[in-house]
Amino acid sequence: VSRLADAADRWIFESFAGDPRDLAVFRVVYASWMLLAWVPRALDMRGLPDVFFSPPLGPAALLGGFPADAWLELLNVSLVAALVLLLFGCWTRIASLAVGLLVICVDAWAYATGEISHTILVAAAPAVLAFSSWGGRASVDARLARGGVPPGRDAWVLALLALLVGLAFFTAGWVKLTAGWLDRDTHATWGYVVGNLFVERRVTWLAERLLGLDARLAWEPLDWGVVAFELGAPLAVFRRSSFAIFCALACLFHVAVRLLFDIDFEQNLIAYAAFVRWSELGWPRGLRASAARVATCLARARPAWLVAGGAAFGVLAVYGLAEPPLHRLPPGGRVGAALPTLVLAATAALLYLARVVWPPARVLPPGSPPAPQPVVLFDGVCGLCNRFVDFALRHDRAGRLRFAPLQSPPGRALLAAAGLDPEALVSVVLVRGGRVYRESAAALRVLAELGLPWSLAAAGLAVPAPLRDAVYRFVARRRYAWFGRRDACRVPTPAERARFL
Amino acid sequence: VPDRRARVRAIFAATLLLFVAQVGFTTAFEEPWPALAMPAFRWTGGAGGEVTGQVHDLVFGFADGSEREVAWRRLWPPQLKLGDGLAILCKPELHTRPDGVPFDWLPGYRLGLARRDAPESRAALREWLRARARVLLAAGEPSAFECRAFRERVRVRDGELQRDRRARSTRRVELGP
């Protein structure tokens, strides 16, 4: 029990720790996206007769019918004003809670005709992050030193949001599991596609083209895949890295749902953006300078102006625009609003997954020890590693490679320069051209240096890194048992000495 | 800080407890709003390569006997999702909430239903349908609106799509003076 409690504490308080700038960027992204693509909302409910009033169980069901139009308009104006305050980070906690509450209230009317569209995560994100430091930078609150949550103490907030996302997905998967989606006699996904197309008359480009595919072969794996993905969501929340991969897959999932069913679950994408490490995205220098200028401008705003400006913008949005600005993009309506979101989400998700599958090499910082030729760092007492070095020495006819045991002073210096732990002797390392490769990438790239036929092994780099590194680690953990261990670190022979650092 | 950590742990525990309670409520009664649970897509059609469902033709009739059909996605404003609204329009008597524990505990939940089929709601519906016809059809004042419900079966056989439909019911709303 004690170990379990410790593990739970580590997950809650440490696993989602990150750069405080990330949350500030997310605050600006969230508020901007909501102002451009979300509000005003549900204004079409105005004028509907009460015969359509069929609210789900909840506060709206306590009323006798649709509210007066003015109430819906007031809710929207208030939501816009709260979003403006959130954008500028002014009274951030109050503005965040207000945004969460107002999104729920407005959507209570959007769903008062009976169909719930599951936008709870859009409301949950600001309500939960109200207790984070997302207003602590690039904000009026920061300029006025209005306290707030110190950075570093709010990792639990992201863990809580991840938990909410995971649980929400789990319920979606659980319903499918218990309803019989995995029954081989049903083809639920195919059934929904057909139902959408011919019964609901939601015509989508993708559905029309995929409809004729053999149901069992093509669609049954989709049923299983969807259920597994949704039920597996809670497992991903325990590590930030795995949850980020889950979010990237969820982006692609929502994009596919939109293209196949014309169902707009992509609205939840904005909640997943809370888990993006914005500060690590490698922004171009010019863009970073512009972002810094924007941050300064946000912080300079006067609270009174923001309240007045937010309310004025709200009135303009409700009575002038009547729909979110992005909805006006061609081809218009919900599709117009979805397109930029879908394109951005799909691009971001694919780039992120590509980064995970083929991670970029670590770059040596400026001022590191010079290494004009490729250097192979290896475990000097490991039988397997020494045989690998012998092999490389024999076949490196051009004499390009240099070697150093991980335990040697030059090896430790290079490891330290690369930001790697000199005491963790778990991987062969290749330093080449200012970049540092580890594990399977290092081994394959060493082979690539040897010329034909050994260089053909470089094709193995196309295998996703998590897979080949798993194999590498499996062998590496057993290398002493399987291939023996020397009593002392390798000392190069006189013939080899020129090849060793 | 131990106190702060204890509060945070309590928040996580409360979240999990509320989640379990909400899933139980959703399973026992119906999906509430707001809710974290997302119990949609429980349908498992598609068995045997066919789908059966209810479809609706929405038709405005005119005094000269002509008819104009309107897609329900045009009849309702685009921002709304009115799958249920369509069913309410065509079969309002089927969409009266049953008695049950939440309704017994909180009689206010019946308030919204009381007005659904009331004379003033029917009058408002007629006026709304006339207004929509003016916007969508520009073909004079309709004399009636009909919601025609069909049971439609869609099958794929040897790569060919087959559809057949059977009439189920028709609801007529007189729009004349």
Side-chain angles (χ1 to χ4, degrees), chain A residues 9 12-13 42 44-45 47-58 60-65 104 107-108 111 113-118 120 123 156 160 163-164 167-168 171-172 175-176 179-181 183 185-188 190-192 194-195 198-201 211-212 215 219 323 333-334, chain B residues 5 8-9 11-12 15 19 23 29-49 51 53-55 71 73 77-85 88-89 92 95 102 106 108-109 111-112 114-117 121-122 124-125 127-128 152 154 156 159 161 163:
Chain A
D9 267 7
I12 292 173
F13 296 107
D44 288 338
M45 304 306 264
L48 271 186
D50 282 343
V51 70
F52 293 123
F53 188 67
S54 180
L57 286 175
L62 292 167
L63 301 182
I104 286 173
D107 276 358
Y111 307 149
T113 52
E115 188 171 323
I116 297 174
S117 192
H118 303 125
I120 190 68
W156 69 270
L160 182 62
L163 178 66
L164 295 180
L167 293 177
T171 58
V175 163
K176 295 180 179 77
W181 268 51
D183 186 335
D185 292 330
T186 66
H187 303 298
W190 182 83
Y192 270 107
V194 174
F198 297 108
V199 180
E200 297 241 352
R201 297 182 190 174
L211 195 63
W219 296 98
E323 61 180 346
R334 292 194 310 135
Chain B
R5 288 206 161 204
V8 171
R9 287 187 203 107
I11 290 171
F12 275 76
T15 301
F19 171 74
V23 169
F29 304 111
E30 62 176 74
E31 184 180 357
W33 175 261
L36 188 62
M38 299 181 176
F41 297 92
R42 62 173 69 244
W43 183 64
T44 53
V51 171
Q54 183 138 314
V55 297
R73 287 191 175 278
Q79 198 176 343
L80 301 184
K81 301 179 177 79
L82 275 172
D84 285 359
I88 289 168
L89 180 62
H95 292 272
L106 293 166
Y109 275 140
L111 274 176
R115 285 173 60 180
R116 183 178 294 163
D117 210 29
S121 294
R122 288 166 179 259
L125 173 65
E127 190 48 49
W128 181 78
E152 179 153 330
V154 184
V156 176
L161 197 70
R163 302 172 65 181

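Protein chains get the first letters and strands the later ones, always in sequence-line order, with residue 1 at the start of each. Source: prediction; values computed, not measured.
Contact annotation for I104(A): both backbone and side-chain heavy atoms come within less than 4.5 Å of a heavy atom of chain B. With a 4.5 angstrom heavy-atom cutoff, E31(B) touches chain A via backbone and side-chain atoms both. Residue D107(A) touches chain B through both its backbone and its side chain, counting heavy-atom pairs closer than 4.5 Å.
Residues that satisfy the side chain to side chain contact (heavy atoms under 4.5 Å, CB included) test with V51(B), not counting sequence neighbours, are W190(A), V194(A), W43(B). Among residues two or more places apart in sequence or in another chain, the salt bridge (Lys or Arg N to Asp or Glu O under 4.0 Å) test is passed with D9(A) by R9(B).
T171(A) places a side-chain N or O within 3.5 Å of a backbone atom of M38(B) that can act as its donor or acceptor partner. Not one N or O on the side chain of W33(B) forms a donor-acceptor pair closer than 3.5 Å with the backbone of P55(A).
The choice from A60(A), G195(A), A108(A) that makes the most heavy-atom pairs within less than 4.5 Å of chain B is A108(A). Counting heavy-atom pairs closer than 4.5 Å to chain A, the top residue among P39(B), A71(B), G53(B) is P39(B). Put simply, of L125(B), T15(B), V23(B), the one with the most heavy-atom pairs under 4.5 Å next to chain A is L125(B). Heavy-atom pairs under 4.5 Å with chain B were tallied for A172(A), A168(A), G180(A); the largest tally goes to A168(A).
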Problem - side chain to side chain contact (heavy atoms under 4.5 Å, CB included) between L163(A) and F19(B), worked out - result: CA-CA 11 Å; L163(A) 178 66; F19(B) 171 74; over 6 Å; no
Exercise for the section: Please step through ring-ring contact (aromatic ring centres under 6.0 Å, His included) for the pair F41(B) and W181(A), ending with a clear verdict. Expected result: CA-CA 10 Å; F41(B) 297 92; W181(A) 268 51; 7.4 Å; no
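Between the CH2 atom of W156(A) and the CD1 atom of I11(B) there is a distance of 4.0 Å, given to the nearest 0.5 Å.
In terms of heavy atoms, F12(B) sits closest to I12(A) at CE1-CG2, 3.6 Å. Considering every non-hydrogen atom in both W128(B) and P49(A), the closest pair reads CG-CD, 3.5 Å.
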